Amino acid sequence: MDKLKVAVLISGRGSNMQALYASSQEPESKFEISLVISNRSKAAGIEIAQSYGIETAIIKSGDFDSREDFEDAIDERINQSNIRLVCLAGFMWLLGESFVNTWRDRLINIHPSLLPAFKGLNVQAQAVEMGVRFSGCSVHFVRPELDDGPIIAQAVVPVLPGDDESDLSARILEQEHIIYPQVVNWIADGRVRVSAEKVIITNVVMLDRAIISPRDIP
Ligand code: GRF
């Protein structure tokens, strides 16, 4: 069967893109990364993607007259590569309604908190500051509001005494690298759908214990 063609949009180091790539190379993987786009020319992830032999593009908002033109250019580039799923992975740009609606339910994001808690930037620092006992990460379908949309998967990590922002970020990031590829494989396998703005994942065996991370889901 053909693999699902995925585009990854980044702005920086691209560690989630790398985790997605590594997973796509597994023999049982159901997706392939066909394109990586960055809105920043200096994004470290772009060189990494090139070293993997993935097609890349740099599309910068400053090169366009309006936000719509910029987002249309991204859309056009994605369409050239026959992409079926767009993954935001540290893409530092709030995509507008037109793009988000065009890609509705085919556009996902990873966010380093247990949404709907802690939206926006520097959320790991906010979690430490707030003194919450647990945090984690969320993969969700994208809607026009910031860090909004039906949640597909979450992983929980403890916030330990003495943690600073970087301790917590590292603990969360490890989980991000597990759940993001997991979700993309589920989607590629046709197991994920949205109904009444809630996500239904088929063929999940429900366990009689708490699921800490989707890797625990058979
Ligand atoms: C991750 O923490 C992700 O959750 C957030 O931005 C960060 C991107 O990191 N949206 P990387 O570029 O994937 O390493």
Side-chain angles (χ1 to χ4, degrees), residues 6-25 31 33 35-52 54 56-61 74 85-95 99-100 103 107-130 132 134-159 163-185 187 213-215:
V6 172
V8 185
L9 272 53
I10 63 169
S11 300
R13 76 189 154 181
S15 73
N16 277 289
M17 181 274 296
Q18 291 179 63
L20 288 168
Y21 176 76
S23 168
S24 75
Q25 296 303 293
F31 71 94
I33 302 181
L35 177 66
V36 173
I37 295 178
S38 171
N39 63 338
R40 290 185 186 159
S41 36
K42 291 202 171 79
I46 278 291
E47 271 186 31
I48 298 167
Q50 284 165 351
S51 78
Y52 295 152
I54 302 173
T56 61
I58 293 172
I59 305 177
K60 293 186 288 185
S61 58
I74 296 177
L85 177 72
V86 177
C87 298
L88 306 180
F91 187 61
M92 305 298 280
W93 178 271
L94 183 61
L95 289 161
F99 187 98
V100 170
W103 285 91
L107 173 64
I108 62 177
N109 180 45
I110 182 140
H111 181 77
S113 79
L114 293 174
L115 290 172
F118 303 119
K119 297 184 176 186
L121 295 174
N122 306 320
V123 293
Q124 299 94 332
Q126 286 180 48
V128 169
E129 178 64 23
M130 188 61 76
V132 294
F134 293 93
S135 188
C137 48
S138 308
V139 179
H140 64 98
F141 285 107
V142 174
R143 296 292 182 259
E145 293 293 309
L146 178 68
D147 298 324
D148 185 40
I151 290 166
I152 309 166
Q154 294 181 309
V156 180
V157 302
V159 183
D163 268 356
D164 62 14
E165 177 186 6
S166 96
D167 300 322
L168 181 60
S169 300
R171 198 173 303 123
I172 293 173
L173 194 63
E174 205 182 312
Q175 295 300 317
E176 293 184 34
H177 295 165
I178 296 167
I179 70 169
Y180 213 2
Q182 175 75 79
V183 164
V184 176
N185 266 310
I187 292 174
S213 154
R215 78 180 145 175

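What you see is a predicted model, and the numbers here were worked out from it, not measured in a lab. Each ligand, and each atom within it, is numbered from 1 in the order the structure gives. For reference, positions follow the sequence shown, starting with 1.
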Listed partners of S138 passing side chain to side chain donor-acceptor pair (under 3.5 Å), at least two apart: Q154

Heavy-atom pair of closest approach, residues C137 and I172: CB-CG2, 3.8 Å

Where at least one partner belongs to residues 37-50, residue pairs that pass side-chain hydrogen bond (donor to acceptor under 3.5 Å, both in side chains), sequence neighbours excluded: S11-N39, Q50-T56

Criterion side-chain contact (heavy atoms from CB on, under 4.5 Å) on I108 and I187, from CA distance to verdict: CA-CA 10 Å; I108 62 177; I187 292 174; 4.0 Å; yes

Review item, side-chain donor-acceptor pairs of residues 141-149, under 3.5 Å, at least two apart:
| residue | atom | partner | partner atom | Å |
| --- | --- | --- | --- | --- |
| R143 | NE | E197 | OE2 | 2.8 |
| R143 | NH1 | D105 | OD1 | 3.2 |
| R143 | NH2 | D105 | OD1 | 2.7 |
| R143 | NH2 | E197 | OE1 | 2.9 |
| D147 | OD1 | H111 | ND1 | 3.4 |
| D147 | OD2 | G120 | N | 2.7 |

Neighbouring protein residues of ligand 1 - any heavy atom closer than 4.0 Å: R13, G14, S15, N16, G90, I110, H111, P112, E176

Over all atoms of both residues, closest heavy-atom pair of L168 and P158: CD1-O, 4.0 Å

